[in-house]
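Worksheet for the structure shown next.
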Amino acid sequence: MPELTYLNWPFFEPHHRDLARDFRAWADREIAPMADREPRDESGLDALARELVKRLAAGGWLQYSVPAPWGGKHETLDVRALCLMRETLAQYSGMSDFSFVMQGLGSGPISLFGSEDLRRRYLPGVADGSRIAAFALSEPESGSDVAAMATEARRDGDHYVIDGEKTLISNGGIADQYVVFARTGEAPGAKGLSALVVEADAPGFSVTERFDVIAPHPLGRLKFDGCRVPASNLLGNPGDGFKIAMSSLDVFRSTVGAAALGFARRAHDEALAQAKKRISFGKPLADYQLIQAKLADMALKIDAAALLVYRSAWTKDTQGGRVTREAAMAKLYATESAQEVVDEAVQIFGGMGVVDGVTVERLYREVRALRIYEGTSEIQKLIIAGQALADSE
Ligand code: COS
């Protein structure tokens with residue numbers, strides 16, 4: 001039985017507690033039976049991603065990815081709900097978590113900054129699973145340093161013409177719509193970027209490469225070669241791109257922490273079961289204090305991560321505005337500590353812990369990228385230190 005007492009914490013409303021229980025019951029039925037499917041080939045992966053989006057949509061769960069007027073559940077994105085759902089899905093499979101969150105992240109800038117027309121055109125399809133969404137920020141020569149991006153969008157009459165490349169883009173190759181960040185040149189650096197919605201069939205758009213990664217999911221390299229999109233596909237105003245990217249990450253970084261928390265909880269559960277079952281030197285591993293110390297450290301890290309994740313989500317939901325520091329702390333601690341928790345679970349499993357097909361081996365691969373994407377741990381530290389220094393002035 002999973003440990004659910006944290007749902008009694010004051011961060012949650014009654015509807016969050018109901019959601020956590022209902023969603024877990026649904027995932028037990030609908031996701032658990034497919035959790036071990038891990039196709040390595042491109043077509044198998046794409047098919048699984050599409051199936052997961054359809055399944056999540058059929059359950060009504062993608063309604064949490066967009067605001068209410070455009071097919072969503074709540075008036076604004078409910079970060080606590082998104083966190084509870086990612087935490088739950090990650091306990092079953094990384095792929096299900098991936099397919100869920102990309103609908104929210106990929107459409108987040110439209111939810112937050114899109115015109116009425118763009119929201120009406122692109123959000124209902126995300127919520128009903130008929131359109132797959134992607135968020136295209138990183139480039140071959142600019143990952144952490146967003147303001148250094150080279151992709152350009154030039155105004156040409158009623159259109160923007162985009163030239164450049166994006167890389168390591170989740171859902172790249174299967175998405176129907178991409179939020180693309182590009183330099184429009186209103187000012188140097190961060191103040192000269194804009195965000196546009198690009199449809200997968202836009203002229204001049206192509207997916208030039210797909211990547212094999214340790215935890216496989218659709219991931220591609222995008223090329224924009226004189227790619228024309230209507231000027232009305234611009235999100236916010238010209239020059240708002242950096243703010244749009246960072247505001248979206250303010251919402252979704254806490255949810256990365258939540259996914260890490262889910263991986264850690266599953267690893268802890270696996271480790272507890274193994275420690276009770278495995279006999280070594282005549283008694284169960286769980287009887288050894290060295291193993292108990294590991295189990296205690298894991299439990300402590302899980303609760304500390306959960307406190308930071310739900311503090312951040314609660315702050316965003318109830319106070320609004322920027323939660324850059326809280327989200328950075330939640331992502332940094334939850335992802336780093338989850339890696340340690342999963343590593344200890346592998347250690348408790350001994351040799352079986354690194355065998356293909358054993359759950360902790362999969363978790364070990366699935367948790368790794370979370371310390372990198374949506375801002376590396378090093379970037380989160382810069383954000384936290386930057387705010388602490390500013391506050392001390
Ligand atoms: N919400 C709204 N505005 C924000 C913001 C946020 N969360 N964060 C920054 N801004 C604004 C700032 O207010 C500032 O505007 P003003 O000059 O008008 O005050 C502007 O954006 C520049 O901000 P800042 O000076 O803090 O930017 P830096 O270049 O110092 O640092 C970092 C930016 C490194 C923190 C940022 O580029 C970052 O998070 N990088 C990681 C990117 C990432 O996550 N990549 C992964 C791709 S997605 S998988």
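Every number for a ligand or one of its atoms is a count from 1 in the order of the listing.
In this structure, atom 23 (O) of ligand 1 lies nearest to the protein heavy atom F242 CE2, 3.6 Å. Atom 34 (C) of ligand 1 has I379 CD1, 3.9 Å as its closest protein atom, hydrogens excluded (heavy atom only). Summary of contacts: the protein heavy atom closest to atom 41 (C) of ligand 1 is S144 O, 3.4 Å. Of the protein's non-hydrogen atoms, G143 O, 3.7 Å is the one closest to atom 45 (N) of ligand 1. Looking only at heavy atoms of the protein, atom 42 (C) of ligand 1 is closest to V146 CG2, 3.4 Å. Taking atom 38 (C) of ligand 1 as the reference point, the nearest protein heavy-atom neighbour is M246 CE, 3.7 Å.
Compare E374, K191, R253, R322 by their heavy atoms: the one nearest to atom 39 (O) of ligand 1 is in R253.
Residue contacts with ligand 1 include S247, since one of its heavy atoms falls under 4.0 Å from the ligand.
Atom 16 (P) of ligand 1 lies below 4.0 Å from at least one non-hydrogen atom of the protein. Within a 4.0 Å radius of atom 3 (N) of ligand 1, the protein contributes at least one heavy atom. For atom 25 (O) of ligand 1, the nearest protein heavy atom lies 4.0 Å away or farther. Distance remark: protein heavy atom not present below 4.0 angstrom from atom 32 (C) of ligand 1.
Because its NZ or CZ atom is not both nearer than 6.0 Å to the ring centre of Y373 and within 45° of the ring axis, R253 does not count as a cation-pi partner of that residue. A cation-pi geometry, defined here as NZ or CZ lying under 6.0 Å from the six-membered ring centre and within 45° of its normal, holds between K283 and Y288.
Taking distance alone, with nitrogen or oxygen atoms compared against 3.5 Å, K243 stays at or beyond that limit from ligand 1. Geometrically, ligand 1 and G375 share a nitrogen or oxygen pair separated by less than 3.5 Å. The distance criterion of under 3.5 Å between nitrogen or oxygen atoms is not met by S138 with respect to ligand 1.
Ring pair Y64/W61 is parallel by interplanar angle, where below 30° counts as parallel and above 60° as perpendicular. Ring planes of Y6 and F12: perpendicular class, angle over 60° (limits at 30 and 60°). A tilted orientation is assigned to the rings of H217 and F98, their planes being inclined by 30° to 60°.
Taking every non-hydrogen atom of L249 and a distance limit under 4.0 Å, the qualifying atoms of ligand 1 come out as 44 (O). Listed by atom number, the atoms of ligand 1 under 4.0 Å from D250 heavy atoms are 7 (N). Against a heavy-atom cut-off of under 4.0 Å, T324 is close to the following atoms of ligand 1: 7 (N). The contact set between ligand 1 and I383, taken as ligand atoms under 4.0 Å from a residue heavy atom, comprises 35 (C).
Both W70 and L56 belong to a common hydrophobic cluster when Ile, Leu, Val, Met, Phe, Trp and Tyr are linked at side-chain heavy-atom distances under 4.5 angstrom.
Screening K381, R311, Q380 against M329 for a side chain to side chain contact (heavy atoms under 4.5 Å, CB included) leaves a single residue, R311.
Within a 6.0 Å sphere centred on CZ of R228, heavy atoms belonging to other residues, nucleotides or ligands number more than 12.
Formation of a donor-acceptor pair under 3.5 Å by the R119 side chain with backbone atoms of G114 is found in this model.
The minimum heavy-atom distance linking D128 with S130 is given by the pair OD1-OG, 2.6 Å.
A side-chain donor from one of Y310 and E87 sits under 3.5 Å from a side-chain acceptor of the other. No hydrogens or angles considered: nothing links the side chains of Q387 and R325 as a donor-acceptor pair under 3.5 Å.
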